[in-house]
Peer 1: 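Handing you this structure, nothing more for now.
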Amino acid sequence: MNDKQLRKSVEKQIKRMQRAEKERPTLLAQSVFMGTLSLLFVLPVIVGAYLGIWLDDKAESYSIHWTIGLIFVGLVVGMINVYLYVREHH
């Protein structure tokens, strides 16, 4: 490898490193990403819990079957949401 080829190779690597540095996510972007993930996971769990409590209140005897079941469904839906979001954005 001669000096010209070495120089071009090093310059190409420097440009690649500079581009990677510019494209690196900022702290704000990372915070927004984590906040979005949190909402995508937590909201289905909360909705499932409230819907389960409402359905259990409609039952004649004391029961938490709907609440437990719908919290579990919310967990599954939340995990699927997070998986799909991460797969799409990274």
Peer 1: So which pairs with a foot in residues 63-73 pass side chain to side chain donor-acceptor pair (under 3.5 Å), sequence neighbours left out?
Peer 2: D56-T67, S63-H65

Peer 1: Answer yes if V76 and V73 sit in the same cluster of Ile, Leu, Val, Met, Phe, Trp and Tyr residues linked by side chain heavy atoms under 4.5 Å apart, and no otherwise.
Peer 2: no

Peer 1: Between CD1 of I46 and CG of L39, what distance do you get to the nearest 0.5 Å?
Peer 2: 9.0 Å

Peer 1: Between atom CD1 of I53 and atom NZ of K58, what is the distance when rounded to the nearest 0.5 Å?
Peer 2: 13.5 Å

Peer 1: Flag the pair L55 / L70 as yes when at least one side-chain heavy-atom distance between them is below 4.5 Å, and no otherwise.
Peer 2: yes

Peer 1: Quick check: is V45 connected to Y50 through a chain of hydrophobic side chains (ILVMFWY, heavy atoms under 4.5 Å apart)?
Peer 2: yes

Peer 1: Honestly curious: do F72 and W54 fall in one hydrophobic cluster under the side-chain, below-4.5 Å linking rule?
Peer 2: no

Peer 1: Under the side chain to side chain contact (heavy atoms under 4.5 Å, CB included) rule, collect the residues that match up with L84, sequence neighbours excluded.
Peer 2: I80, R87

Peer 1: Quick one: CG on L40 to CE on M79, what's the gap to the nearest 0.5 Å?
Peer 2: 13.5 Å

Peer 1: Please confirm whether the backbone N or O of Q5 pairs with a side-chain atom of S9, one donor and one acceptor, at under 3.5 Å?
Peer 2: no

Peer 1: Quick one: does R7's side chain get under 4.5 Å of K4's, heavy atoms only?
Peer 2: no

Peer 1: Taking ring pair (Phe, Tyr, Trp, His ring centres under 6.0 Å) as the cut-off, I'd like each qualifying pair that reaches into residues 2-40, sequence neighbours left out, listed once.
Peer 2: F33-Y85, F33-H90

Peer 1: Measure the NZ-CZ distance between K15 and R19 for me, rounded to the nearest 0.5 Å.
Peer 2: 9.5 Å

